[in-house]
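Here the structure is laid out as structure tokens; the discussion comes afterwards.
None of these values were measured; they are calculated from a predicted model.
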Amino acid sequence: MTKPTQDSSQLILALSKGRIFEDTLPLLAAAGIEVLENPETSRKLILATNDPGVRVLIVRATDVPTYVQYGAADFGVAGKDVLLEHGGEGLYQPVDLRIACCRMSVAVNAGFDYETAVRQGARLRVATKFVETAREHFAKKGVHVDLIKLYGSMELAPLVGLSDAIVDVVSTGGTLRANNLVEVEKIMEISSRLVVNQAALKLKRERLQPIIEAFDRASRQQG
């Protein structure tokens, strides 16, 4: 079990910029916590809050589970997509926060006959940063795939012939349409979860539990 941050009176929350950060603010407010700086305009990576016992780490979305797992943060907010790739080792996941909702889907060029290719047992080239999720999905379907790991601009891969399909998170589908791609299969619904370092949950329970409960109540109300 990994140890939490050294100062037992201090709670460290790991968040990523963007939609998850914005959607987490009302949940923090429900716990009486306000972040004092905007990460989009501040160069700081550790942000103060109105509670001197709570600070916020600004990290990449894919790194949130790692910071929490190894105790550099006591708790954090991460998407189900990220947690599936991470594996969730060493993490307690008490609350589905029902924020930053989207879906994980397969998409292809508008002219590509995905159904026929899958039915005929063709070997597909699939570009994604969600390699484990994609591997499990296609294995269950009995479809042979060559997985190509990318870290961004996933929509470009089918356009330049790098892949036949992509597996990516989709919100409105606007980016797909703008690049002449179509969503052909939904793999799963995605939302963000509260994740807690297991050691911190024991050693800092008195401080953490009220925040967990406030997050849970607020997420249920807005859900």
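Side-chain contact between Lys204 and Asp74: present, with at least one pair of heavy atoms (C-beta onward) separated by less than 4.5 Å. Residues Asp23 and Ser192 have side chains not in contact (no heavy-atom distance under 4.5 Å, counting atoms from C-beta outward). Counting only heavy atoms from C-beta outward, the side chains of Val108 and Val182 approach each other to under 4.5 Å. Considering only heavy atoms from C-beta on, Ile190 comes within 4.5 Å of Met104 through its side chain. The closest side-chain heavy-atom distance from Ile12 to Tyr67 is not below 4.5 Å. The closest side-chain heavy-atom distance from Leu11 to Leu208 is below 4.5 Å. With a 4.5 Å cut-off on side-chain heavy atoms, Met188 and His137 do not count as touching. In this structure, the side chains of Leu15 and Leu13 come closer than 4.5 Å at one or more pairs of heavy atoms.
Linking Ile, Leu, Val, Met, Phe, Trp and Tyr residues whenever their side-chain heavy atoms come within less than 4.5 Å leaves Leu150 and Leu147 in two separate clusters. Hydrophobic clustering (side-chain heavy atoms under 4.5 Å, transitive across Ile, Leu, Val, Met, Phe, Trp, Tyr) groups Val167 together with Phe112. When hydrophobic clusters are built by joining Ile, Leu, Val, Met, Phe, Trp and Tyr residues whose side-chain heavy atoms come closer than 4.5 Å, directly or via intermediates, Val169 is not grouped with Phe21. Both Ile187 and Leu84 belong to a single network of hydrophobic side chains, linked directly or stepwise wherever heavy atoms of I, L, V, M, F, W or Y lie under 4.5 Å apart.
Between Glu22 and Arg19, no side-chain nitrogen of the basic residue sits less than 4.0 Å from a carboxylate oxygen of the acidic one, so the salt-bridge criterion is not met. A salt bridge is absent between Arg125 and Asp146; no separation between the charged side-chain nitrogens and carboxylate oxygens falls under 4.0 Å.
The shortest non-hydrogen separation linking Ser105 to Val170 is CB-CG2, 4.0 Å. Ala218 and Leu27 make their closest contact through CB-CD2, 3.6 Å (heavy atoms, listed as atom of the first residue, atom of the second, distance). Counting all heavy atoms, side chain and backbone alike, Cys102 lies closest to Ser171 at CB-CA, 4.2 Å. For Val82 against Ala61, the heavy-atom pair with the smallest separation is CG1-O, 3.6 Å. Across every non-hydrogen atom of Tyr114 and Lys141, the tightest pair is OH-CE, 4.1 Å. Of all heavy-atom pairs between Ser191 and Asp96, the closest is OG-OD1, 2.8 Å.
Side chain of Ser219 to backbone of Asp216: a donor-acceptor contact under 3.5 angstrom is found. Asn109 places a side-chain N or O within donor-acceptor distance of the main-chain N or O of Pro158, the cut-off being under 3.5 Å. The main-chain N or O of Gln10 is never found under 3.5 Å from a side-chain atom of Arg55 such that the two would form a donor-acceptor pair. Between the side chain of Asn179 and the backbone N or O of Leu181, no donor-acceptor pair lies under 3.5 Å. Between the side chain of Arg60 and the backbone N or O of Lys17, no donor-acceptor pair lies under 3.5 Å. Arg207 contributes a side-chain N or O that, together with a main-chain N or O of Gly53, makes up a donor-acceptor pair within less than 3.5 Å.
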Residue pair Leu97, Val77: steps toward the side chain to side chain contact (heavy atoms under 4.5 Å, CB included) verdict: CA-CA 9 Å; Leu97 299 173; Val77 177; 3.8 Å; yes
Applying side chain to side chain contact (heavy atoms under 4.5 Å, CB included) to Ile212 and Val95, what does each step give before you reach the verdict? CA-CA 8 Å; Ile212 294 172; Val95 184; 4.1 Å; yes
Could you walk me through whether Asp168 and Phe130 satisfy the side chain to side chain contact (heavy atoms under 4.5 Å, CB included) test, starting with their C-alpha distance in whole Å, then the side-chain angles of each, then the deciding distance to 0.1 Å, before giving a yes or no? CA-CA 7 Å; Asp168 203 6; Phe130 304 105; 3.6 Å; yes
Go through Leu91 and Gln198 one step at a time and tell me if the side chain to side chain contact (heavy atoms under 4.5 Å, CB included) criterion holds. CA-CA 6 Å; Leu91 301 176; Gln198 291 181 350; 5.8 Å; no
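Remark: Ser163 OG to Leu124 CG distance equals 9.5 Å, nearest 0.5 Å. Atom CG of Asp63 sits about 12.5 Å away from atom CD1 of Ile58, to the nearest 0.5 Å. Taking CG of Asn197 as the reference point, atom NZ of Lys202 lies at 11.0 Å (rounded to 0.5 Å). With values rounded to the nearest 0.5 angstrom, Met154 atom CE is found 11.0 Å from Ile148 atom CD1. Atom CZ in Arg193 sits 7.5 Å away from atom CG in Leu83 (nearest 0.5 Å). From Asn38, atom CG reaches atom CG of Leu47 across 8.5 Å, with rounding to the nearest 0.5 Å.
The side chain to side chain donor-acceptor pair (under 3.5 Å) contacts involving residues 39-50 comprise Glu37-Ser42, Glu37-Lys44, where partners must be two or more places apart or lie in separate chains. Sorted by first then second residue, the side chain to side chain donor-acceptor pair (under 3.5 Å) pairs that include residues 75-95, not counting sequence neighbours, are Gln69-His86, Glu85-Thr133.
The environment of Gln209 atom CD is dense: over 12 non-hydrogen atoms of other residues, nucleotides or ligands sit within 6.0 angstrom.
Of the N and O atoms on the side chains of Thr175 and Glu155, not one donor lies less than 3.5 Å from an acceptor on the other residue.
Using cut-offs of 30° and 60° for the angle between ring planes, the Phe215 and Phe75 rings count as tilted.
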